[in-house]
Amino acid sequence: MQHDLQLRAAAHAIYDACYPTEEWAPVPFDEAERFGTVHYRQAVGAAQEARCVLGPRPEQLSLATIL
């Protein structure tokens, strides 16, 4: 997911919101990403779902229209 910085940022925000303390997730986001924990995979899945629901950003839409 290193190539999609926007999706990674969304997953990070979701991870931090859903797993705010060590009681919820034993490792911070960067470690969870490196190890592919279930918490990380759930945050990525939520970010992907959110992207589908939110749709393309206006600048992405205009770029697609130009091409």
Side-chain angles (χ1 to χ4, degrees):
M1 194 169 48
Q2 298 297 338
H3 62 282
D4 192 338
L5 298 178
Q6 188 178 32
L7 183 63
R8 185 180 188 276
H12 194 167
I14 291 168
Y15 186 92
D16 289 345
C18 292
Y19 310 115
T21 65
E22 287 183 7
E23 293 177 14
W24 293 91
V27 296
F29 179 80
D30 293 331
E31 286 184 49
E33 181 179 33
R34 186 169 359 122
F35 296 117
T37 67
V38 65
H39 302 90
Y40 169 78
R41 293 191 311 269
Q42 289 174 334
V44 170
Q48 291 170 332
E49 290 290 323
R51 182 167 59 183
C52 290
V53 171
L54 296 173
R57 294 173 32 174
E59 61 268 16
Q60 289 175 329
L61 186 60
S62 63
L63 180 60
T65 305
I66 293 170
L67 297 175

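Everything quoted here is computed from the prediction, not taken from an experiment.
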Show me the donor-acceptor pairs, under 3.5 Å and distance only, between side chains in residues 20-30 and residues at least two apart or in other chains.
unit_1, atom_1, unit_2, atom_2, d
Thr21, OG1, Glu23, N, 3.3
Asp30, OD1, Arg8, NH2, 2.9

- Task: Give, for atom CD of Gln48 and atom CD1 of Ile14, the distance between the pair rounded to the nearest 0.5 Å.
- Result: 10.0 Å
- For Gln42 and Tyr15, test the side chains for any donor-to-acceptor distance below 3.5 angstrom and give the result as yes or no. no
- Query: If we only count heavy atoms from C-beta on, is the Tyr40 to Arg34 side-chain gap below 4.5 Å?
  - Reply: no
- Could you state the interatomic distance from NE2 (His39) to CZ (Arg41), rounded to the nearest 0.5 Å? 10.0 Å
- Give the C-alpha distance, both sets of side-chain angles, the deciding distance and a yes or no for side-chain contact (heavy atoms from CB on, under 4.5 Å) between Val44 and Glu49. CA-CA 9 Å; Val44 170; Glu49 290 290 323; over 6 Å; no
- Message: On a heavy-atom basis, which atom in Ala43 and which in Ala11 lie closest, and how many Å separate them?
- Response: CB-O, 3.5 Å
